[in-house]
Peer 1: 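Below is the structure I would like to discuss, written out as C-alpha cells.
Below, chains carry the letters A, B, ... as their sequence lines are ordered, and counting in each starts from 1.
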Protein chains: 4
Amino acid sequence: MSNQNRIPVAILGCTGSVGQKFVELLSKHPWFEIKELCASDKSAGKKYKEAVDWFLPSPLPDIVGEILVQKCEPVLQSKVVFSGLDSDVAGDVETKFAKAGYKVISNSKNHRMDDNVPLLIPEVNPDHLELIKFQNYGQGCIVANPNCSVIGLVLALKPLLDNFGLEAVNVVTMQAVSGAGHPRVINLDLEDNVIPLIKGEESKVEIEPLKILGRLNKDRISFINFKISAQCNRVNVSDGHTECVQVKLKKKTSVEKIIQTWKEFSSLPQELKLPLSPTKPINYSDEDSFPQPKYQRNFDKGMAVSIGRLRTDSIFDYRFVITSHNTVRGAAGGAILCAELMKAKGII
Amino acid sequence: MSNQNRIPVAILGCTGSVGQKFVELLSKHPWFEIKELCASDKSAGKKYKEAVDWFLPSPLPDIVGEILVQKCEPVLQSKVVFSGLDSDVAGDVETKFAKAGYKVISNSKNHRMDDNVPLLIPEVNPDHLELIKFQNYGQGCIVANPNCSVIGLVLALKPLLDNFGLEAVNVVTMQAVSGAGHPRVINLDLEDNVIPLIKGEESKVEIEPLKILGRLNKDRISFINFKISAQCNRVNVSDGHTECVQVKLKKKTSVEKIIQTWKEFSSLPQELKLPLSPTKPINYSDEDSFPQPKYQRNFDKGMAVSIGRLRTDSIFDYRFVITSHNTVRGAAGGAILCAELMKAKGII
Amino acid sequence: MSNQNRIPVAILGCTGSVGQKFVELLSKHPWFEIKELCASDKSAGKKYKEAVDWFLPSPLPDIVGEILVQKCEPVLQSKVVFSGLDSDVAGDVETKFAKAGYKVISNSKNHRMDDNVPLLIPEVNPDHLELIKFQNYGQGCIVANPNCSVIGLVLALKPLLDNFGLEAVNVVTMQAVSGAGHPRVINLDLEDNVIPLIKGEESKVEIEPLKILGRLNKDRISFINFKISAQCNRVNVSDGHTECVQVKLKKKTSVEKIIQTWKEFSSLPQELKLPLSPTKPINYSDEDSFPQPKYQRNFDKGMAVSIGRLRTDSIFDYRFVITSHNTVRGAAGGAILCAELMKAKGII
Amino acid sequence: MSNQNRIPVAILGCTGSVGQKFVELLSKHPWFEIKELCASDKSAGKKYKEAVDWFLPSPLPDIVGEILVQKCEPVLQSKVVFSGLDSDVAGDVETKFAKAGYKVISNSKNHRMDDNVPLLIPEVNPDHLELIKFQNYGQGCIVANPNCSVIGLVLALKPLLDNFGLEAVNVVTMQAVSGAGHPRVINLDLEDNVIPLIKGEESKVEIEPLKILGRLNKDRISFINFKISAQCNRVNVSDGHTECVQVKLKKKTSVEKIIQTWKEFSSLPQELKLPLSPTKPINYSDEDSFPQPKYQRNFDKGMAVSIGRLRTDSIFDYRFVITSHNTVRGAAGGAILCAELMKAKGII
C-alpha cells in the first residue's frame with residue numbers, strides 16, 4: 001500500500017497517555033494515516049502541539065502537531081477511530097461513534113465485557129471478530145483491546161491451554177508506571193517504594209482471560225472455566241509489566257515440552273505478516289535472570305511477550321516469569337494490531 | 001543495667017553489609033557493648049574506620065571507628081559474637097568459635113538447617129533455644145537467625161497457624177537492594193528494572209518456615225507439614241521486603257477474625273520487654289494501599305512486620321501483603337533480639 | 001529542664017511537608033513540647049492523625065496524633081509558634097500572630113526580607129536577633145529561617161568572609177525532592193530526569209545571603225556587598241541539597257588555610273550547646289568524591305553542612321561542593337535552632 | 001548508495017559500552033556496513049552474540065550477532081575502523097591501525113590532544129580535517145571525537161563565538177550514568193544520590209573546546225584563548241548530559257539576538273545532508289523548565305543539542321542550560337557523523 005492510499009484514522013482522547021502512544025505508533029504506520037485528533041472541549045480548537053503536554057521520549061511528529069484538535073463528536077472523515085479515552089467518558093462516546101457507523105478500536109475497559117464485543121488478541125482469538133456482526137451498529141462496530149496485564153499473560157497461556165489444558169492460574173504482577181496515566185498528572189510516590197494496590201486491576205486480570213480464551217458461540221462467548229487469582233503491584237519501572245505466573249495443567253508434561261510449545265507458537269498475525277505483528281509472539285529466554293523489563297520490553301517492536309525461568313512448582317505444576325511492554329503490546333500497539341487484523345479481514 | 005556493666009560482644013564480618021548494621025544497632029544498645037571487631041586478613045590490623053567502607057546513612061559511631069580490627073580467630077575477650085560473615089567462610093569460622101566456648105548468633109545460612117541449631121524468631125519459637133543443650137560445644141553454642149524474607153513471613157503466619165491451621169502458603173517477594181550486600185560492591189542494574197531471580201532464595205523461603213514452625217522434639221525439630229511455594233524478585237527499593245502472600249487454612253474463619261488475631265498477637269519478647277522487641281510484632285493497616293516499604297519499614301524501630309490488604313482469594317482462602325525491614329528485623333536487629341532473649345533466659 | 005517544664009509550642013501549617021518535619025523534630029525535643037497544631041479549615045476539628053497524610057519514614061508519634069487540629073487563629077495557649085505555612089497565606093497569618101503577642105519562627109519566605117525581621121542562622125548572625133526590638137509587636141515577634149539552599153551556602157561562606165573577604169560567589173544547585181512539598185501532592189517527573197528550574201529559587205539564593213551576612217545597623221541590616229549568581233536544578237534525590245560553589249576572595253590564601261578555617265569554625269550555638277546545634281557546623285571531608293547527599297545529609301543530626309573537593313578555579317579563585325539536609329538544617333531543624341537561641345537569650 | 005555498495009567498517013572494542021552503541025547505530029546505516037568486530041583476546045573467536053553482554057534497550061541485531069569477534073589486529077578487510085576502546089589500550093592500538101593504512105575514527109581520549117589529530121565536530125571545525133595530511137600514516141589516519149560533555153557545549157558556544165566573541169565560559173555538568181561504562185560492570189551508587197566527581201572529566205572540558213574552536217594553522221591548531229571553568233557531577237539519569245553554562249561575551253547583545261543566532265545556526269553537515277546530521281544542530285526551547293534530559297535527549301535522532309532558559313547573569317553576561325545525548329551525539333553518533341563528513345569529502 002503506497003503512502004497516498006493510507007487509510008485515514010482518528011484518535012479519541014489524543015492528549016492522554018494512551019492517546020500519545022497511538023500518535024507515536026500511527027504516525028509512521030504503513031497502512032493508517034492520522035487524519036483527525038479528538039479530545040475534551042478544553043483542547044478542541046487548538047493545534048495538537050499546543051493542546052498536548054507531550055511526554056514521550058521520541059519527539060512529537062511535526063505534521064501531527066499541526067492538526068487541529070476536535071471535540072469527540074462523530075462528524076469525522078476517518079471511518080476508523082482508535083480510542084484512548086478515560087473510562088469515565090469512553091463508554092458513551094464509543095457507543096455514539098459505533099452507532100454513527102465508525103469502526104471503534106478501544107483501549108478502555110468500558111465495553112470489554114459486553115456480550116457482543118470481541119475482547120481481541122489477534123494471535124489468540126481472531127475468530128471472536130465474528131461477534132461484531134451481532135452489534136447492530138450498521139457499518140459501525142466496537143472492538144476492545146484487553147487490559148495491559150492480561151495481554152501478556154494470555155499470550156503465554158494460550159499455547160499451554162491448547163497443548164496441556166489449564167486448571168488454575170496464579171499471577172502476581174509488578175507493573176510499570178506508564179500504565180497509570182500521564183506522568184505529569186499522575187503522582188505515584190514510587191521512588192524507593194512498591195505500591196501493592198492498583199484499583200480495579202485484580203478483577204480485570206481474573207475475568208478478562210476467561211472471555212478471551214472462551215469459545216465463540218454464535219452471538220456471544222462461552223467463557224472458559226478455570227480459576228485465576230491475581231495480585232497487582234506497582235513498582236518503579238518506566239515501561240514493561242513483569243508477572244510471576246503459576247499454572248496447574250490438565251495433562252502431564254515437562255519443562256522442555258512447554259518451552260518448545262512456546263517457541264513454536266505462531267498465529268494468524270504472523271501468517272498475515274501484519275505490520276505491527278511480532279515475528280514470534282513469544283520470546284523464551286534461557287538466561288537465568290531474564291526476563292527483565294529494562295531489557296526485554298522493546299523486543300520485536302515491543303510486541304512480543306518475553307518469558308523465562310520456567311520451573312516446577314510445589315503447589316501448582318509450573319511457574320515462570322513474563323514481561324511485556326504495557327503501552328505497546330498492552331495498549332496502543334495491541335489495539336493497532338487489532339485494526340490491522342480487521343483490515344486484513346476486509347472489515348476496515 | 002548501667003552502661004558500665006554492659007556485656008562485651010564481638011562482630012565477625014564487621015566490614016560487610018550485615019556487619020555494619022550490627023555496628024549501628026549495637027553501638028547504642030543498652031545491654032551489649034561492642035568490644036571487638038573481626039574481619040578478613042585484609043582488614044585486620046587497621047582501625048575500623050580505615051578498614052570499613054561505611055555506607056549506612058547514619059554516621060559511623062566515633063568510638064567504634066577507633067577499634068582495631070582483628071582476624072576471625074577465637075582469641076577474644078567477648079564471649080558473645082554476632083556473625084555477619086559471608087556464607088563461603090561462615091560455616092567453619094562459626095563452628096570454630098562455638099567449639100572454643102563462644103555464644104555465636106549467626107546471620108549466615110550455613111548452620112540454619114543443622115539438626116541441633118535453633119532457627120530462632122523470639123516471638124515464634126523461643127522454646128527451640130533448648131536445642132543448644134545438644135550441641136556439644138560446652139559453654140559455646142550456635143543460634144541462627146532466619147533468612148530476611150522468612151522472618152516477616154513467619155511472623156505473619158504464626159498466629160494463623162495457631163488459630164486456624166495452615167495447609168498451603170504461596171508467596172511472591174519484591175525484595176530490597178540492601179539485602180544483596182554492600183552497595184558499592186554489588187551491582188544490581190535495578191534502575192528502571194525488576195530482576196526476577198535471587199540465587200538460592202526461593203528454596204530458603206520454602207524450607208526455613210517449616211523448621212521454625214516445627215515442634216521441639218528433644219534434640220531436634222519435627223518440621224511442620226504444609227506446602228510452601230516461593231518466587232523471589234529484586235526491585236529498586238533501598239530497604240524493606242514486600243511479599244504477596246496467599247494461604248489455605250485448615251479451619252474456616254473470616255477477614256475480621258484474622259485481623260483480630262494478628263492485632264492481638266504478642267509473645268515472649270513483648271512480655272520480657274526486650275530492648276529491641278517491637279511493642280507489637282504485627283502492625284495491621286486498614287489503609288487501602290498499605291503496606292508500602294517506604295512508609296512501613298521503620299515502624300516500631302524497624303522490628304515489626306506490617307500487614308495489609310487482607311482479602312479472600314479464589315484459589316487459596318486468603319491473600320495479603322506484608323512488608324518488613326530486611327536488614328533490621330530481617331538480619332542484624334533480628335539476631336540481636338535472639339541474643340536479648342538468650343540473655344533474659346540466662347544463656348548469655 | 002525536666003520534661004514537665006517543657007515550653008508549650010504550636011505548629012502552624014502542621015499537615016504540610018515542613019509542618020510534618022516540625023512535628024517529627026519537636027516531638028522528642030528536650031525544651032519544647034508540641035501543645036497545639038494548626039492548619040487550614042479543612043483539617044480543623046480533626047485529630048492530627050486523621051487530618052494529616054503523614055509521609056515521613058519515621059512513624060507519626062502517637063501522642064501528637066491525638067491532638068485536635070485547630071484553625072490558624074491567635075487563640076493558643078502556646079506563646080511560641082513555628083510556621084510551616086504555604087507562602088500564599090503565611091504573610092498575613094504570621095503578622096496576625098505576632099501582633100497578638102506570639103513569638104513566630106517562620107520557615108516561609110514572606111517576611112524574610114522585611115527590614116526589621118532577622119533572617120537568622122544562629123551560627124552566622126545571632127546579633128541580628130536585636131532587630132525584633134524594632135518590630136512593634138509588643139511581646140510578639142517574627143524571626144525568619146532562610147531558604148533551604150541558602151543556609152548551607154552561608155554556613156560555608158561565613159568563615160571565608162571573616163578570614164579572606166568575599167568578592168563574588170557563583171553557585172549551581174542540585175536540589176532534593178523533599179524541598180518541593182508533600183510527595184503525594186507535588187508531582188515532579190524526576191525519575192530519570194533533571195529539571196533545571198525551581199520557580200523563584202534563584203533570586204532567593206542571590207539576595208538572602210547578602211542580608212544574613214550584612215551588618216546590624218540599629219533597626220535594620222546593611223547588606224553586604226558582593227555578587228552572587230545562582231542557578232538552581234531539581235534532581236532525583238530524596239533529601240539533601242548539593243551545591244557547586246565558586247568564590248572570588250579579597251585576600252590571597254591557600255587550599256590548606258581554607259580547610260583549616262572551616263574545620264576551626266565554631267560559633268554561639270556550639271558554645272551554648274543548644275540541643276539541635278551540630279557539634280561542629282562544618283564537616284570537611286578529604287574523600288575524593290564527597291560530599292554526597294546520600295551519605296552526608298544526616299551527619300551530626302542533619303544539622304552540619306558537609307563540604308569537600310576544595311580546589312583552585314580558573315575563573316574564580318576556589319571551587320568546592322557542599323551538601324546539607326534541606327528539611328532539617330534547611331527548614332524545620334534550622335528554625336528550631338533559632339528558637340533554641342531565642343530561649344537561651346531569654347527572648348522565649 | 002544502495003545497500004550492496006555500503007562501505008565495510010570495523011568496530012574496535014565492540015563489546016564495551018561505546019562499542020555496543022556503534023553496533024546499534026551502524027547496523028542500520030545507509031552508507032556503512034559492519035563487516036568486522038574486534039575486541040580483547042577474551043572475546044576473540046566467539047560469535048558476537050556470545051561475547052557481548054548486550055545491555056542496550058533495543059535488541060542486538062541478528063546479523064551482527066553472528067559475526068565472529070577478532071583480536072584488535074590490523075589484518076581487517078574494512079579500511080574504516082571505529083574505536084570504542086578503553087583508554088588504557090586505545091592509544092597504541094589506534095596508532096598501529098593508522099600506520100597500517102586504516103582510517104581510525106576514535107572515541108577515546110588518547111589522541112585527542114595530539115598536534116596533528118583533528119578533534120572534530122563536523123558542524124564546528126570541518127576544516128580541521130586538513131590536519132590528517134600531516135599525520136604521516138600514508139593511507140591511514142586518526143580522527144578524534146571529543147568528550148561527551150564537550151560536544152554539546154561547543155555546539156552551543158560556536159554561534160556565540162562567531163557572532164559575539166567569548167571571554168569566559170563557566171560550566172557545571174550533571175552527567176548521565178551511561179557515560180560511565182557498561183551498566184553491569186560499573187557500579188555508581190547513584191540511587192538517591194549525586195556524585196560530585198568524575199575523574200579526569202573537568203580538565204577535558206576545560207581544554208578540548210579551546211582546540212576545537214581554534215584556528216587551523218597549517219599542520220597544527222592555534223588554540224583559541226578564553227577561560228573555561230568546569231565542574232562535573234554524576235546524577236541518576238540514564239542518558240543525556242545537562243549543563244548549566246554561563247558566558248562572558250566580547251560584544252554587547254540581547255537575549256533575543258542570541259536565541260536568533262542559535263536558531264539560525266546551520267553548517268556543513270546540514271548542507272551535505274549527512275545521514276546522521278541533525279536537521280538543525282541546536283534546538284532552542286522557550287518552555288520554562290526545559291531542556292530536560294528525559295524529554296530532549298532523543299530530539300532529532302539524538303544528534304541535536306537542546307538549549308533553554310537563556311537569561312542574564314549577575315557575574316557573567318548570560319546563562320543557559322543545555323542537554324545533549326551523551327552516547328549518541330556525545331560518542332558513537334558523533335564519531336559516525338565525523339566518518340560521514342570524511343566520506344563526503346572523499347577521504348573515506
Peer 1: Flag the pair C:Asp288 and C:Arg311 as a salt bridge only when some basic side-chain nitrogen lies within less than 4.0 angstrom of an acidic carboxylate oxygen.
Peer 2: no
Peer 1: Measure distances from D:Glu191 to the heavy atoms of chain C and classify the residue's part below 4.5 Å as side chain, backbone, both or neither.
Peer 2: both
Peer 1: Any idea which of C:Val172, C:Val194, C:Asn236, C:Asn233 has the most non-hydrogen atom pairs under 4.5 angstrom with chain D?
Peer 2: C:Val194
Peer 1: Which bit of C:Val171 comes within less than 4.5 Å of chain D, counting heavy atoms only: side chain, backbone, both or neither?
Peer 2: neither
Peer 1: Any side-chain donor-acceptor pair under 3.5 Å between C:Asn147 and C:Glu201?
Peer 2: yes
Peer 1: Should D:Glu24 and D:Lys21 count as an ion pair when the cut-off is N to O under 4.0 Å?
Peer 2: yes
Peer 1: For residues D:Phe290 and D:Ile307, determine if any side-chain heavy atom of one lies less than 4.5 Å from a side-chain heavy atom of the other.
Peer 2: no
Peer 1: Counting heavy-atom pairs under 4.5 Å to chain D, which of C:Asp189, C:Val235, C:Thr323 comes out on top?
Peer 2: C:Asp189
Peer 1: Do the charged groups of D:Asp114 and D:Lys109 touch, with an N to O distance under 4.0 Å?
Peer 2: no
Peer 1: Shorter than 4.5 Å, heavy atoms on both sides: which option in C:Met174, C:Arg309, C:Glu206, C:Arg297 has the most such pairs with chain D?
Peer 2: C:Arg309
Peer 1: When rounded to the nearest 0.5 angstrom, what is the spacing between OH in C:Tyr318 and OG1 in C:Thr312?
Peer 2: 7.5 Å
Peer 1: Using heavy-atom distances under 4.5 Å, tell me whether C:Phe320 contacts chain D through its side chain, its backbone, both, or neither.
Peer 2: backbone
Peer 1: Among the options C:Ala176, C:Pro291, C:Ala168, pick out the one with the most heavy-atom pairs lying under 4.5 Å from chain D.
Peer 2: C:Pro291
Peer 1: Counting heavy-atom pairs under 4.5 Å with chain C, which one of D:Ile195, D:Val321, D:Thr242 comes out on top?
Peer 2: D:Ile195
Peer 1: Below 4.5 Å, heavy-atom pairs only: which of D:Val177, D:Val237, D:Val169, D:Asp192 has the largest tally toward chain C?
Peer 2: D:Asp192
Peer 1: Please look at D:Ile228 and chain C and tell me whether the side chain, the backbone, both or neither of the residue comes under 4.5 angstrom of a heavy atom of that chain.
Peer 2: backbone
Peer 1: Taking only Lys NZ, Arg NE, NH1 and NH2, and the carboxylate oxygens of Asp or Glu, determine whether D:Lys248 and D:Asp317 approach each other closer than 4.0 Å.
Peer 2: yes
Peer 1: Identify which of C:Arg234, C:Glu202, C:Lys227, C:Lys199 forms the greatest number of heavy-atom pairs closer than 4.5 Å to chain D.
Peer 2: C:Glu202
Peer 1: Does the side chain of D:Ile151 come within less than 4.5 Å of D:Ser324's, by heavy atoms?
Peer 2: no
